[in-house]
Amino acid sequence: MSAAPTVVLVHGAFAESASWSGVIARLVDHGVSVVATPNELRSVTTDAANVRSAVEGIGGPVLLVGHSYGGAVITEAAVDNPAVVGLVYVAAFAPDHGENALQLTGQFPGSTLGETVRPYPLGDGTHDLFVERDLFPNQFAADVAPAEAAIQARTQRPIRDFALGEPQPAATPAWKSLPSWFIFGDADKNIPVEGLRFMAERAGGLATVEVPGASHSVMVSQPDAVVALILQAIEHLAA
């Protein structure tokens, strides 16, 4: 690879681009080109199209990094995309063809997310989903400073329920052809840790990092660990 990749960060459900702030600051300190692209959280298909547009605008190699539902988005956005050279999954879904986030969450015991989510009808038969603000810190960010977790609760972006149930479109997901890396906390209450391990092993991730005691918001509470893995991926791609 003639040029170092630009890192493109894709947030997941009930989050927004600022959730990557600690990661961005550290990557910039390391001289890494990095952007966080907004994720509309409407459907895997449309969200992946938006990420593909962002990648095209960069005009060079890209390392896609997805959090949570953002993992499904980068898995689709990277398909047949020669600009994408690798994938990093941060407490993220890595679905196979036909799988969806709801299915993968329910496949293993341990998620308590459903007990905290409230739907709001959109008028077309689908719903926007929010995590109750008073329940958000414990559910989503138990190891984040309380004041910061409270801000996360108030800045969360809703996800359309269709997006969580949409089958992964591509017949061959990108993790089958691209190198991948995985990081997640062993105290994740959103995606069961067994499920995260399963997806990392199935994808043949070049490295899988489990952060003891880390919540689903591992990029907020443990940005150094997330950055270390991203730098490892960049080093591998440059070799």
Side-chain angles (χ1 to χ4, degrees), residues 1 3-95 101 128-129 140-141 151-152 155-160 162-164 166 168-170 173-175 178-184 190-191 216-220 223 226-227 229-231 233-234 237:
M1 193 168 56
T6 296
V7 175
V8 175
L9 305 166
V10 181
H11 69 80
F14 318 116
E16 40 86 46
S17 291
S19 60
W20 294 110
S21 295
V23 170
I24 292 170
R26 288 162 174 79
L27 287 175
V28 169
D29 284 346
H30 282 279
V32 174
S33 176
V34 55
V35 294
T37 186
N39 197 5
E40 295 183 356
L41 308 176
R42 300 296 89 188
S43 75
V44 174
T45 302
T46 57
D47 293 338
N50 289 335
V51 172
R52 277 194 290 269
S53 294
V55 169
E56 289 172 10
I58 288 168
V62 164
L63 176 65
L64 285 179
V65 181
H67 173 243
S68 192
Y69 162 80
V73 174
I74 68 170
T75 296
E76 181 66 16
V79 172
D80 296 327
N81 191 333
V84 180
V85 293
L87 305 165
V88 178
Y89 292 88
V90 180
F93 294 104
D128 261 348
L129 304 177
F140 205 91
I151 292 173
Q152 284 185 250
T155 59
Q156 66 174 295
R157 295 188 62 181
I159 187 166
R160 184 171 170 239
F162 175 82
L164 296 176
E166 180 186 4
Q168 195 71 19
W175 50 259
L178 289 172
S180 59
W181 293 261
F182 290 77
I183 184 169
F184 50 85
N190 284 20
I191 307 175
H216 193 59
S217 289
V218 62
M219 70 291 190
V220 177
V226 173
V227 167
L229 186 63
I230 293 172
L231 293 175
I234 292 172
L237 294 168

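Computed from heavy atoms alone, side chains included, the values below leave out hydrogens, waters and symmetry copies. All figures in this text were calculated on a predicted structure; none of them were measured in a lab.
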Query raised in the report: For the side chain of Arg52 and the backbone of Glu76, is there at least one donor-acceptor N/O pair under 3.5 Å apart?
Result: yes

Requested in this report: Kindly say whether Pro95 contributes a backbone atom to a donor-acceptor pair with the side chain of Trp175 at under 3.5 angstrom?
Outcome: yes

Which pair of non-hydrogen atoms, one from [X] and one from [Y], has the smallest distance, and what is that distance?
{"X": "Ala91", "Y": "His216", "result": "O-CE1, 3.3 Å"}
{"X": "Gly71", "Y": "Tyr89", "result": "O-CE2, 3.5 Å"}
{"X": "Gly22", "Y": "Pro223", "result": "C-CB, 3.9 Å"}
{"X": "Arg157", "Y": "Glu40", "result": "NH2-CA, 3.8 Å"}
{"X": "Ala233", "Y": "Val88", "result": "CB-CG2, 4.2 Å"}
{"X": "Gly60", "Y": "Ala83", "result": "O-CB, 3.8 Å"}

Requested in this report: Tell me, with the steps shown, if Ile58 and Val35 meet side chain to side chain contact (heavy atoms under 4.5 Å, CB included).
Outcome: CA-CA 10 Å; Ile58 288 168; Val35 294; 4.3 Å; yes

In Å, rounded to the nearest 0.5 Å, how long is the span from [atom1] of [X] to [atom2] of [Y]?
{"X": "Arg26", "Y": "Ile230", "atom1": "CZ", "atom2": "CD1", "value": "11.5 Å"}
{"X": "Thr75", "Y": "Phe93", "atom1": "OG1", "atom2": "CZ", "value": "11.0 Å"}
{"X": "Leu231", "Y": "Trp181", "atom1": "CG", "atom2": "CH2", "value": "12.0 Å"}
{"X": "Leu129", "Y": "Leu41", "atom1": "CG", "atom2": "CG", "value": "10.5 Å"}
{"X": "Phe182", "Y": "Leu87", "atom1": "CZ", "atom2": "CG", "value": "8.0 Å"}
{"X": "Leu229", "Y": "Met219", "atom1": "CG", "atom2": "CE", "value": "14.5 Å"}

Report task. Would you indicate whether Asp29, at its atom CG, is surrounded by more than 12 heavy atoms from other residues, nucleotides or ligands within a distance under 6.0 Å? Result -> yes

Requested in this report: Report the C-alpha separation of His67 and Ser19 in whole Å, then their side-chain angles, then the decisive distance to 0.1 Å, and conclude whether the side chain to side chain contact (heavy atoms under 4.5 Å, CB included) test is met.
Outcome: CA-CA 10 Å; His67 173 243; Ser19 60; 5.5 Å; no

Report task. Identify the residue among Ile74, Val84, Asn81 that makes a side-chain contact (heavy atoms from CB on, under 4.5 Å) with Leu178. Result -> Val84

Query raised in the report: So Thr45 and Glu166, side chain to side chain donor-acceptor pair (under 3.5 Å) or not? Walk me through it.
Result: CA-CA 9 Å; Thr45 302; Glu166 180 186 4; 2.5 Å; yes

Query - Criterion side chain to side chain donor-acceptor pair (under 3.5 Å) on Tyr69 and Asn39, from CA distance to verdict - result: CA-CA 10 Å; Tyr69 162 80; Asn39 197 5; 5.4 Å; no

Query raised in the report: Going through the checks in order, is the side chain to side chain contact (heavy atoms under 4.5 Å, CB included) test met by Ile234 and Val7?
Result: CA-CA 9 Å; Ile234 292 172; Val7 175; 3.9 Å; yes

Report task. Taking the side chain as every heavy atom from C-beta outward, state whether Val55 and Leu64 have any atom pair closer than 4.5 Å. Result -> yes

Query raised in the report: Any luck finding a side-chain donor-acceptor pair between Ser217 and Gln152 under 3.5 Å?
Result: yes

Query - Worked check of side chain to side chain contact (heavy atoms under 4.5 Å, CB included) between Thr37 and Val10 - result: CA-CA 6 Å; Thr37 186; Val10 181; 3.8 Å; yes

